[in-house]
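Quick notes on the structure that follows.
Quantities reported herein were computed from a predicted structural model and do not represent experimental measurements. Order of listing sets the numbers, starting from 1, for every ligand and every atom in it.
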Amino acid sequence: MIDIIYDIQEMSRLSEEKRSEGLTIGLVPTMGALHEGHLSLVKKASECVDFVVVSVFVNPTQFGPNEDFEKYPRDMDHDISVVESAEGNLIFAPTASSMYPDGYATYVTVDNLTDKLCGASRPKHFSGVTTVVSKLFNIVRPHHAFFGMKDAQQLAVIKRMTRDLDIPVEITGCPIVREPDGLAMSSRNSFLSAEERDQASVLFRSLQEAKTLVESGVTDAAAIINRTGNVLEASKLMKLDYIEIVDPVNMTPVDDVSGGGMIALAAWFGTTRLIDNVLLHGKG
Ligand code: AMP
């Protein structure tokens with residue numbers, strides 16, 4: 001059976017031990033309720049490093065006051081079996097009170113990239129993410145860390161943070177894993193009613209429409225967003241948060257996709273907020 005470490009000092013000690021044995025360490029940060037998207041990250045990590053640590057921590061600082069922190073799914077037995085099946089070596093599952101003890105006062109923020117897209121509707125979200133990821137990097141001291149491209153803005157923010165702060169960890173982005181109908185796998189999909197789940201595939205269909213348009217030679221971002229919006233209208237239950245075409249590194253808007261771009265969206269189905277994106281490969 002796979003080992004689970006709950007204690008921060010014990011995790012640090014074990015990492016030191018592995019490093020002194022000359023082993024490379026990979027970290028896959030997650031909030032648990034693991035699915036095949038997470039599994040793909042763990043598999044990728046086990047191809048790249050000697051010792052794979054999967055952190056499972058529902059991080060309170062990345063949730064807004066009225067968000068789904070309390071009801072976020074938690075299932076450690078399930079997570080253990082997923083990590084085992086993907087040949088991860090260890091789960092690190094610290095408690096919230098050990099990560100953020102009384103008097104906790106330090107946050108890491110990345111400017112510019114974080115006020116757009118998801119950052120516009122979730123103002124403190126990315127500072128929660130960069131803070132917890134910095135802490136996990138300091139505790140686990142990985143050589144390599146793995147993040148999904150489903151959270152493309154998060155990936156860009158983490159890459160910028162590690163570069164700006166000279167954190168000696170290599171960041172790898174992994175492709176989005178989808179359900180057969182195209183819906184991006186997410187721990188939050190379990191919140192959807194049958195009808196919402198059925199309609200949620202419209203997100204991917206709309207992004208595919210954008211990709212097809214670009215492949216047929218359309219480069220005007222406004223026109224692409226317009227047509228994508230028409231596809232989204234097929235779902236009566238969906239409420240759009242945003243849809244934008246941006247540069248996938250800086251998250252700045254792109255008016256013309258000749259040189260490429262990323263179309264990203266967030267949408268509500270009832271009380272569940274889902275995100276997705278697709279890279280657009282321009283011909284320029
Ligand atoms: P989460 O547990 O939702 O915080 O996600 C942990 C990591 O798994 C993040 O790097 C996510 O981008 C990644 N991830 C979540 N869903 C998927 C997916 N469907 N495909 C690939 N990576 C994913």
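- For the pair Lys44 and Phe146, the NZ or CZ position fails the cation-pi test of under 6.0 Å to the six-membered ring centre and within 45 degrees of the ring normal.
- Only the side chain of Leu41 comes within contact range of ligand 1, with a heavy atom under 4.0 Å; no backbone atom does.
- The protein atom (non-hydrogen) at minimum distance from atom 7 (C) of ligand 1 is Pro29 O, 3.6 Å.
- Atom numbering of ligand 1 starts at 1 in the shown order; those under 4.0 Å from a heavy atom of Phe147 are 10 (O).
- Atom 11 (C) of ligand 1 has as its closest protein heavy atom Asp151 OD1, 3.1 Å.
- Protein heavy atom at the shortest distance from atom 20 (N) of ligand 1 is Val177 N, 2.9 Å.
- For the pair Arg74 and Phe69, the distance from NZ or CZ to the six-membered ring centre is under 6.0 Å and the angle to the ring normal is within 45 degrees.
- Scanning all protein heavy atoms for the shortest distance to atom 10 (O) of ligand 1 gives Gly148 N, 2.9 Å.
- Annotation: Lys124, atom NZ; neighbour count of heavy atoms from other residues, nucleotides and ligands within 6.0 Å does not exceed 12.
- Salt bridge Asp241/Arg273: present, at least one basic N to carboxylate O contact under 4.0 Å.
- Nearest to atom 5 (O) of ligand 1 by heavy atom, out of Met31, His38, Gln62, His35, is His38.
- In the model, Arg197 has no side-chain atom that pairs as donor or acceptor with a side-chain atom of Ser193 under 3.5 Å.
- Pro29 has its side chain within reach of Leu27: a pair of non-hydrogen atoms, C-beta onward, lies under 4.5 Å apart.
- Neither the backbone nor the side chain of Cys174 comes within 4.0 Å of ligand 1, counting heavy atoms alone.
- Residue-environment remark: CZ (Arg227) stays at or below the threshold of 12 foreign heavy atoms within 6.0 Å.
- Taking every heavy atom of Met185 and a limit of under 4.0 angstrom, the matching atoms of ligand 1 come to 16 (N), 17 (C), 18 (C), 19 (N).
- Counting heavy atoms under 4.0 Å from ligand 1, residue Pro175 touches it through the backbone alone.
- With a 4.0 Å heavy-atom cut-off, ligand 1 is reached by the side chain of Gln154 but not by its N, CA, C or O.
- Judged by the 6.0 Å distance and 45° axis criteria, Lys71 is positioned over the aromatic ring of Phe191.
- Of all the atoms in ligand 1, the ones that sit under 4.0 Å from a non-hydrogen atom of Ile176 are 20 (N), 21 (C).
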